[in-house]
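Since the model is a prediction, treat every value here as computed from it, not as a measurement. One-based numbering along the sequence shown.
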Amino acid sequence: MTSPLIRGRPRRATAHISVRVLHTVVGGLAAVVWLVLPWMTINSDVPVPAARAHPAAASAAAPEQTGTSAADLVLPLVAAGAVVVVAGYGYVRRTRRARTRTTPGGGVAPAGPAAAPLSELDERVRALLARADDWVRTSREELDFAEARSGADSVAPFVRAVRDSEAELSAAFRMRQQYDDGIPEDEAARRHALAGMIGRCQEAGRRLDAEAAGFDLLRALETAEGLGEALEVAEDRFRALAARAGGAGATLAALARRYGSAAVDAVTGHAEQAKDRLVFATTRLNQARQAADMGEAADAARHLRAAEGATAQAGVFVAGIERLAADLASAAELVPAALTGAEAELAGARTGAGDAGDVPAGELHARAAHADLVLTAVRAELTAGPYDPLDALRLLVRGLLPVGVGRAGVLSAAASLVARSAVAEADAFVTTHRGAVGSTARTRLAEAKRLLTEEPPDLLTADALARRAHELAERDVRLHGNPITGTAEHETGTAGAVTGGVLLGTTPQPAPPTAFGGPRTRTRRAERGSPD
């Protein structure tokens with residue numbers, strides 16, 4: 001809506017022009033009257049008595065009378081000329097001002113600040129996407145602890161806030177994926193797309209910030225009762241997870257013996273990293289207890305949140321090993337049936353019973369020949385010894401789907417298992433290393449998740465994107481390096497907590513923990529170093 005100040009300007013300008021025109025008209029009329037008035041005083045019909053004077057005097061008076069009449073005409077002419085000059089000057093001035101005016105309605109717009117380069121805006125969006133993803137992930141983690149204490153009904157508004165934020169972030173990642181794919185092409189449209197991503201991320205953060213204060217009231221960590229109950233929940237979860245983590249290493253070793261080391265590459269080191277997070281959680285839980293006993297609620301809440309974040313990530317590490325064990329077992333059961341079904345469908349495809357679409361006969365023959373090679377290779381793996389059943393299913397699916405085989409039945413189930421396992425592995429890695437993972441890996445992961453929800457799901461593309469996301473995330477962590485070089489920080493698990501995004505910042509003491517909320521909440525905690 002136009003400002004009243006802006007709306008008023010044209011009316012004032014019109015009024016000024018009207019006044020100037022009126023002045024010009026009045027001046028012109030005055031000049032005309034001045035010119036005509038002397039002629040009106042000359043009347044030849046009225047006799048004028050002749051003065052009796054000396055002829056010489058009369059002759060002298062004649063020239064004087066003639067000079068007086070000329071003066072009466074010169075002065076009005078000068079006045080009229082002045083009026084014309086002033087009016088012309090005003091007209092020229094108004095015309096020039098109208099051409100160069102910068103107020104609304106003028107022809108020339110005010111010069112604003114130069115737009116940021118597209119590359120600079122792109123970098124801003126990349127950083128914002130990663131931060132927004134962290135807001136959602138950390139909010140979800142703390143929400144889980146709040147639900148364990150207060151129940152599902154109490155946290156329902158905050159669950160909705162997290163879901164709304166996830167939806168906004170998912171839309172932003174979708175736009176980013178299209179942007180990386182070159183859509184749109186022209187610079188103006190790409191700049192507009194980047195602005196849309198910023199808006200989506202900001203809305204995701206705003207939705208979380210809007211509920212952060214209410215969430216803090218629900219947790220009530222500033223009160224002795226609320227803090228005590230939250231500590232009990234965190235300690236119970238820590239003890240249960242410590243028992244599971246103790247057997248994670250043995251499970252991982254058993255998987256490597258049965259399926260080969262390549263089958264467990266995605267979770268290698270998870271058992272050690274789970275223990276690292278639990279060591280950090282132990283320290284922070286003890287500090288939280290001590291601070292609570294001393295009545296220092298702010299410090300106790302800060303240590304508690306850090307312990308909860310580390311415990312949650314330890315749970316992700318352990319769950320990753322357990323999930324992989326289940327996926328490998330399911331895949332091992334599917335491989336023989338997938339082989340048999342693939343051979344039967346391939347034979348049907350050669351006779352024209354397959355679903356290869358409009359593929360020419362020569363191309364279909366080449367694809368069928370490649371599928372034969374894939375079947376032979378998978379059978380050789382089964383007989384050679386330990387093998388990765390998930391990778392075997394991946395080979396079968398990728399080798400046979402182009403021939404129109406496996407779009408339903410056992411190979412379809414195999415494709416779903418492979419894609420969902422890859423997405424889960426990549427998501428776990430990003431979650432536990434989010435302090436170092438950039439936006440590109442997160443974008444590919446988000447797109448893989450989206451493809452799994454389509455109907456029908458694009459399983460092949462989802463699997464490929466998830467694996468690519470995992471590779472990019474690992475590269476980011478390698479490039480990031482160790483945020484803390486001190487030996488003590490590594491022994492206490494602080495370095496891993498920073499890499500995992502449990503703590504904000506790279507210094508152990510001032511860095512506050514992450515918590516439920518968006519950018520305003522996170523900034524407030526970072527500045528004050530406490531949850532208050």
- prompt: Is there side-chain contact between Leu396 and Leu375, with at least one heavy-atom pair below 4.5 Å?
  reply: yes
statement: Value for OG1 (Thr514) from CG (Leu503), rounded to nearest 0.5 Å, stands at 7.5 Å
task: Could you please spell out the steps behind the side chain to side chain contact (heavy atoms under 4.5 Å, CB included) verdict for Glu425 and Leu324?
output: CA-CA 8 Å; Glu425 288 175 358; Leu324 180 60; 3.6 Å; yes
task: Would you give the length of the straight line joining atom CZ of Arg394 to atom CG of Asp463, rounded to the nearest 0.5 angstrom?
output: 4.0 Å
statement: When rounded to the nearest 0.5 Å, the distance separating CZ of Arg207 from OG of Ser139 is 11.5 Å
task: Answer yes or no: is there a donor N or O on one side and an acceptor on the other, between the side chain of Thr499 and the main chain of His433, under 3.5 Å?
output: no
- request: Look at the rings of Phe215 and Phe158 and say which category their plane angle falls in: under 30° parallel, 30 to 60° tilted, over 60° perpendicular.
  value: perpendicular
query: Has the side chain of Thr383 got a donor or acceptor atom that lies under 3.5 Å from a matching backbone atom of Ala380?
result: yes
query: Is any side-chain heavy atom of Thr432 closer than 4.5 Å to a side-chain heavy atom of Gln273?
result: no
task: For the residue pair Lys275 and Glu272, establish whether any side-chain heavy-atom pair is separated by less than 4.5 Å.
output: no
- request: Please assess Gln313 against Glu141 for the test side chain to side chain contact (heavy atoms under 4.5 Å, CB included), listing each intermediate value before the final yes or no.
  value: CA-CA 9 Å; Gln313 290 197 3; Glu141 286 177 356; 4.2 Å; yes
- prompt: Do other residues, nucleotides or ligands put more than 12 heavy atoms under 6.0 Å from the CG atom of Asp153?
  reply: no
Which atom of Arg149 lies closest to which atom of Ala230, heavy atoms considered: CD-N, 4.2 Å
field: Exercise: identify the closest heavy-atom pair between Ala314 and Arg277
entry: CB-CB, 3.9 Å
- line: Rounded to the nearest 0.5 angstrom, the CD-CG distance for Glu474 and Leu479 is 12.0 Å
field: Over 12 non-hydrogen atoms of neighbours within 6.0 angstrom of CZ in Arg450
entry: yes
- prompt: Should Asp476 and Thr440 count as side-chain neighbours, where that means a heavy-atom distance under 4.5 Å?
  reply: no
- prompt: So, do Asp133 and Leu129 sit near enough that their side-chain heavy atoms are less than 4.5 Å apart?
  reply: no
- prompt: Do Val418 and Leu459 have side chains that get closer than 4.5 Å, going by heavy atoms?
  reply: no
task: Apply salt bridge (charged side-chain N to carboxylate O under 4.0 Å, His left out) to Arg176 and Asp180, showing your working.
output: CA-CA 6 Å; Arg176 181 70 215 195; Asp180 291 344; 3.0 Å; yes
message: Evaluate Lys449 against Glu166 for salt bridge (charged side-chain N to carboxylate O under 4.0 Å, His left out), listing each step before the verdict.
response: CA-CA 12 Å; Lys449 290 181 178 179; Glu166 287 176 337; over 6 Å; no
message: Testing the 3.5 Å rule here: is there a donor-acceptor pair between the side chains of Arg137 and Thr431?
response: yes
Please table the atom pairs, donor to acceptor, closer than 3.5 Å between any side-chain atom in residues 325-339 and protein atoms at least two apart or in another chain.
{"unit_1": "Asp327", "atom_1": "OD2", "unit_2": "Ser421", "atom_2": "OG", "d": "3.1"}
{"unit_1": "Ser330", "atom_1": "OG", "unit_2": "Ala326", "atom_2": "O", "d": "3.1"}

Name every donor-acceptor pair, under 3.5 Å, that has one atom in a side chain of residues 167-174 and the other anywhere in the protein, sequence neighbours excluded.
{"unit_1": "Glu168", "atom_1": "OE1", "unit_2": "Arg200", "atom_2": "NH1", "d": "3.1"}
{"unit_1": "Arg174", "atom_1": "NH1", "unit_2": "Glu447", "atom_2": "OE1", "d": "3.3"}
{"unit_1": "Arg174", "atom_1": "NH1", "unit_2": "Glu447", "atom_2": "OE2", "d": "2.8"}

task: Check step by step if side chain to side chain contact (heavy atoms under 4.5 Å, CB included) holds for Glu471 and Arg468.
output: CA-CA 5 Å; Glu471 293 172 358; Arg468 180 57 178 162; 3.3 Å; yes
statement: Ala306 and Phe280 have their tightest heavy-atom pair at O-CE2, 3.7 Å
message: When you compare the side chain of Arg206 with that of Arg520, does any pair of heavy atoms fall below 4.5 Å?
response: no
query: So how far is it from Glu142 CD to Leu304 CG, rounded to the nearest 0.5 Å?
result: 8.5 Å
message: What's the separation between atom NE2 in His270 and atom CG in Asp276, rounded to the nearest 0.5 Å?
response: 13.0 Å
query: Between Ile321 and Val264, is a side chain to side chain contact (heavy atoms under 4.5 Å, CB included) present by the stated rule, with each step listed?
result: CA-CA 9 Å; Ile321 296 174; Val264 296; over 6 Å; no
message: Give me the atom names and distance for the closest heavy-atom approach of Pro513 to Arg305.
response: CG-CB, 3.7 Å
statement: Residues Gly500 and Arg434: closest non-hydrogen pair is O-CG, 3.2 Å
message: Looking at every heavy atom in both Gly435 and His480, which two are closest together, and how far apart are they?
response: O-NE2, 3.9 Å
Donor-acceptor pairs under 3.5 angstrom involving side-chain atoms of residues 234-247: please list them, not counting sequence neighbours.
{"unit_1": "Glu235", "atom_1": "OE1", "unit_2": "Arg289", "atom_2": "NH2", "d": "3.1"}
{"unit_1": "Glu235", "atom_1": "OE2", "unit_2": "Arg289", "atom_2": "NE", "d": "2.9"}
{"unit_1": "Asp236", "atom_1": "OD1", "unit_2": "Arg239", "atom_2": "NH2", "d": "2.3"}
{"unit_1": "Arg237", "atom_1": "NH1", "unit_2": "Asp144", "atom_2": "OD2", "d": "2.8"}
{"unit_1": "Arg244", "atom_1": "NE", "unit_2": "Glu322", "atom_2": "OE2", "d": "3.3"}
{"unit_1": "Arg244", "atom_1": "NH2", "unit_2": "Glu322", "atom_2": "OE1", "d": "2.9"}

message: Is any side-chain heavy atom of Val374 closer than 4.5 Å to one of Arg398?
response: no
